[in-house]
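The structure appears right after this line, and notes come after that.
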Amino acid sequence: MEQKIEIKTEFIKLDALLKFAGICETGGIAKEAVQAGDVSVNGEVCTMRGKKIRAGDTVELDGVTLHIVSAE
């Protein structure tokens, strides 16, 4: 499944994005998924929950692909 996520700011932190997009119910679940190496950013596994995600990036978790676009 693919989703487009619009952000109004320059970036959003990875764990906040997962919660915002509804993939993870809570920030704690998002943190655990990132630390477990279950999340990839632009095709590479990412274990930094504070990684800055910007427009143009792609994030994947549990078969869901998020395409980040600018709302501007």
Tell me, please, which residues at least two apart from E44 pass side-chain hydrogen bond (donor to acceptor under 3.5 Å, both in side chains). none

Name all residues meeting the salt bridge (Lys or Arg N to Asp or Glu O under 4.0 Å) criterion together with E25; count only those two or more places apart in sequence or in a different chain, and write none if there are none. none

List the residues meeting side-chain hydrogen bond (donor to acceptor under 3.5 Å, both in side chains) with N42, not counting sequence neighbours, and say none if there are none. D57

Which pairs pass side-chain hydrogen bond (donor to acceptor under 3.5 Å, both in side chains) with one or both residues in residues 30-40, sequence neighbours excluded? none

side-chain contact (heavy atoms from CB on, under 4.5 Å) partners for S70, two or more places apart: A55, E72

Listing request: all side-chain hydrogen bond (donor to acceptor under 3.5 Å, both in side chains) pairs with a residue in residues 45-54, at least two apart in sequence or in separate chains. E10-R54, D15-R49

Residues that, via side-chain heavy atoms closer than 4.5 angstrom, fall in one hydrophobic cluster with I12: M1, I5, I7, L14, L17, L18, F20, I23, V34, V39, V41, I53, V59, L61, V64, L66, I68

Hydrophobic cluster partners of M48 (side-chain heavy atoms under 4.5 Å): none

Minimum-distance pair of heavy atoms, taken over all atoms of A71 and K8: CB-CG, 3.8 Å

